[in-house]
2 protein chains.
Amino acid sequence: MPTIRDVAKHAKVSVGTVSNVLNGNNNVREETRQRVLDAIEALNFHPSAIARSLTTQRTNTIGMIRTELRHHFPGAESDPFILDLIDGVSSAAEETRTGVTFWTIPVGSAEMELYRDVVLSRQVDGLIVFALRDNDPRLAFLREKQFPFVVFGRPDSMTETNWIDVDGAHGIELAVTYLGKLGHQRIGYLSPPGEQFLTRLRWQGFLSGIKKIGADIDMQLVLEGDFTERSGEINTHQLLDLEYPPTAIVCNNDRMAFGAMRAIQSRGYTVGHDIAVVGFDDITLSRYWHPPLTTIRQPIREIGQALFHLLLAVIEGLPTDGLGAQLIKPELQIRESTR
Amino acid sequence: MPTIRDVAKHAKVSVGTVSNVLNGNNNVREETRQRVLDAIEALNFHPSAIARSLTTQRTNTIGMIRTELRHHFPGAESDPFILDLIDGVSSAAEETRTGVTFWTIPVGSAEMELYRDVVLSRQVDGLIVFALRDNDPRLAFLREKQFPFVVFGRPDSMTETNWIDVDGAHGIELAVTYLGKLGHQRIGYLSPPGEQFLTRLRWQGFLSGIKKIGADIDMQLVLEGDFTERSGEINTHQLLDLEYPPTAIVCNNDRMAFGAMRAIQSRGYTVGHDIAVVGFDDITLSRYWHPPLTTIRQPIREIGQALFHLLLAVIEGLPTDGLGAQLIKPELQIRESTR
DNA sequence: AATCAAAATTGAACCGGTTCAAAAGAGGAC
DNA sequence: GTCCTCTTTTGAACCGGTTCAATTTTGATT
């Protein structure tokens, strides 16, 4: 494999000049540039990304680390929501020829070890952190190391951190008040896992929604899930076993809503007519479900793109004025599962 | 940020010795090793992955490039099937601390440019290629450059290429003969996009299945899709508009099957009872659908893991005896959409 | 033809690791 | 104490780019 020195020799110039040609610097005479380009062509030379990284201290790669939560059983992994996020990030990254390196790791000690490894050996230029947990050790670590990162979600201490989040409380409140308008008063709530940071925020939204429609909180109707269809199904069966089951169920993601609908249908009830179901996310499949799912829409691909651009600014030390703390208002997408 | 020379100075040894300690070479006296470790600790030193890569010529990263096909509209992207593949690959990669770098790029000239860039600048140690097309230019390129890669799918010319594939023809045939046993003779077929390599193989499976059950091929019942729910829905409407519509539809992935079911249900028919639907993949959501989808199961996560291990062998120049050409027999997962 | 500022070119030093031949040190045998 | 072998340590060279101060070339001006 030819190196820059081979090219220099072939074109009868110095390595510095070849480097200048490679980087499009305009301090090279046209005739010389041509000679260098010819040599590059003749030797079929391509600069090594690694060698370049060594001096520039940039890898042109960003990282995303996915933490697998507690319950690991088949199906826990494949979350369309995450893919949409990755897709948004990587489509934006492509525009600047940036790669997105992706790791999957179980929560626990190995997780932090991976973060240490990735950060301290400088394998990527920056990280996008998502699925925030309470007192997230990842944020503390990244702040301490002053490593460039952005967050999807709101960090507990928001100073000096750039983040983009969807106003989940607002979304849940929208769903609850909408259900209230339809006459529902007994509303079930399938919560996100307790350790997720967004859980508390969304719970606030549920409380204020319930208050607005003049209903009471019944903790029997509140169950914690883990974002899988399975958990939505199991929890809904539990709700339906109650003496006074809910007439509507608010689920904290679409996958749990799918599980809830399955539980409802398996008992011969009709979703929408007998029991209303609302999801959260609006993944592609939701509008194709039977019946189509009413859900709180997060523009996830766009968020992914915005996260990348924000991270790029952080990496390059540019001001993130205004962009560094964005709270996006989600919208309620009304379909047949609530009528 | 401290370098290996800082550590050497601090421990009063040479850089060579520090390097030996870092790499666990056993030619260092215990006392010296301890002194070096203390220095590493004191300075909080972590070796640079890039510098290491420069000499070892290994990045400890592999790549996956996702090509966005022709039709680009919202929802075309989020394919749970792909995420499961990524997830399988990256979970296996994690065991050897290998990162998976992911690019998303529209099909076309930019695609090959990205491949050139990634390969020739040696950004990753190897590539996993998937969604093969006829006469795929990517394979020709990678072969020519002798770049390490493995394929999910079967390359047209299989010499010197390591691949793992699911026997799609067998899967489709299973589905058709099963439907035949249920009494179906008019069977619709939603084909994959024509440019995909697997399209021909699966078509053979369909033909042989139809022949086995003694039915006739009716090209009116055969439509080409693009793997999205939308295309499944549109094509199914077209089938239902026929004078003699099919009594069963075989779809080449689960997402199109979801669209097909939606079309069927929107006309007041009952899936399973009136018209049977079969999918392909068995993504997590399929068993939660209403009704649960009968589908041809590919063990995609396991395939992802196997692909990674195969690629690692190729990268390290190890023999891939037996592993380099695996044809996996899929199974028919029978659920309510066909009864 | 001489002068001089601007443009072009040079090449050593550097980025931060690994490698390996050569040198130094340790320990056992006589 | 000397010799020899085996173990440990050294440090220059290397990986393949970029950078920048110093040098050379160019060409316009007088």
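Chain letters run A, B, ... following the sequence lines, proteins first, then strands; residues in each count from 1.
- Across the protein-nucleic acid pair, Asn25(B) atom CG and dT18(C) atom P stand 9 Å apart, rounded to whole Å.
- Atom CG of Asn27(B) is separated from atom P of dA23(C) by 18 Å (rounded to the nearest Å).
- Proximity note for Pro47(A) (side chain, C-beta onward) versus dG17(D), dT10(D), dT18(C): the nearest is dG17(D).
- Using a cut-off of 4.0 Å between Lys/Arg side-chain N and Asp/Glu carboxylate O, Glu111(B) and Arg116(B) are scored as not salt-bridged.
- Contact annotation: Ser14(A) side-chain N/O to dT9(C) OP1/OP2 distance is not under 4.0 Å.
- OP1 or OP2 of dT18(D) lies within a sub-4.0 Å distance of a side-chain N or O belonging to Ser19(A).
- Between the side chain of Arg5(A) and the base of dG17(D), a donor-acceptor pair under 3.5 Å is found.
- Checked by atom type, the side-chain pair Asn60(B)/Thr98(B) shows no donor-acceptor distance below 3.5 Å.
- Between Asn20(A) and dT9(C) there is no side-chain polar atom (N or O) within less than 4.0 angstrom of OP1 or OP2.
- Distance Asn26(A) CG to dA6(C) P: 16 Å, rounded to the nearest Å.
- Rounded to an integer number of Å, the gap from CG of Leu54(B) to P of dG16(D) is 7 Å.
- The existence of a salt bridge linking Arg58(B) and Glu316(B) is confirmed by a sub-4.0 Å separation between a basic side-chain nitrogen and an acidic carboxylate oxygen.
- Heavy atoms of Thr32(A) sit under 4.0 angstrom from primed sugar atoms or phosphate atoms, though from no base atom.
- Salt bridge annotation for Arg301(A)-Asp84(A): absent, with no cationic side-chain nitrogen under 4.0 angstrom from a carboxylate oxygen.
- Leu120(A) places its CG atom 16 Å from the C1' atom of dG17(C), with the value rounded to the nearest Å.
- Distance Ile4(A) CD1 to dA12(C) C1': 14 Å, rounded to the nearest Å.
- Taking the side chain of Val13(A) as heavy atoms from C-beta on, and the options dT10(C), dG16(C), dA12(D), the nearest nucleotide is dT10(C).
- Under 3.5 Å, the side chains of Ser53(B) and Thr59(B) contain no donor-acceptor pair of N or O atoms.
- Ser48(B) comes within contact range of the sugar-phosphate backbone alone, with a heavy-atom separation under 4.0 Å but no base atom that close.
- Checking the phosphate oxygens (OP1, OP2) of dG16(D), a side-chain nitrogen or oxygen of Gln57(B) falls inside 4.0 Å.
- When the P atom of dT8(D) is taken as reference, atom CZ of Arg35(B) falls 14 Å away, rounded to whole Å.
- Contact between the side-chain N/O atoms of Thr55(B) and the OP1/OP2 oxygens of dG17(C) is not found at any separation under 4.0 Å.
- Within the 4.0 Å cut-off from OP1 or OP2 of dT9(D), at least one side-chain nitrogen or oxygen of Arg29(B) is found.
- Whole-Å rounding puts the Asp6(B) CG to dC15(C) C1' distance at 13 Å.
- Nearer the 5' end of DNA chain D, as judged by each residue's closest nucleotide, is the contact made by Gly16(B), out of Gly16(B) and Gly16(A).
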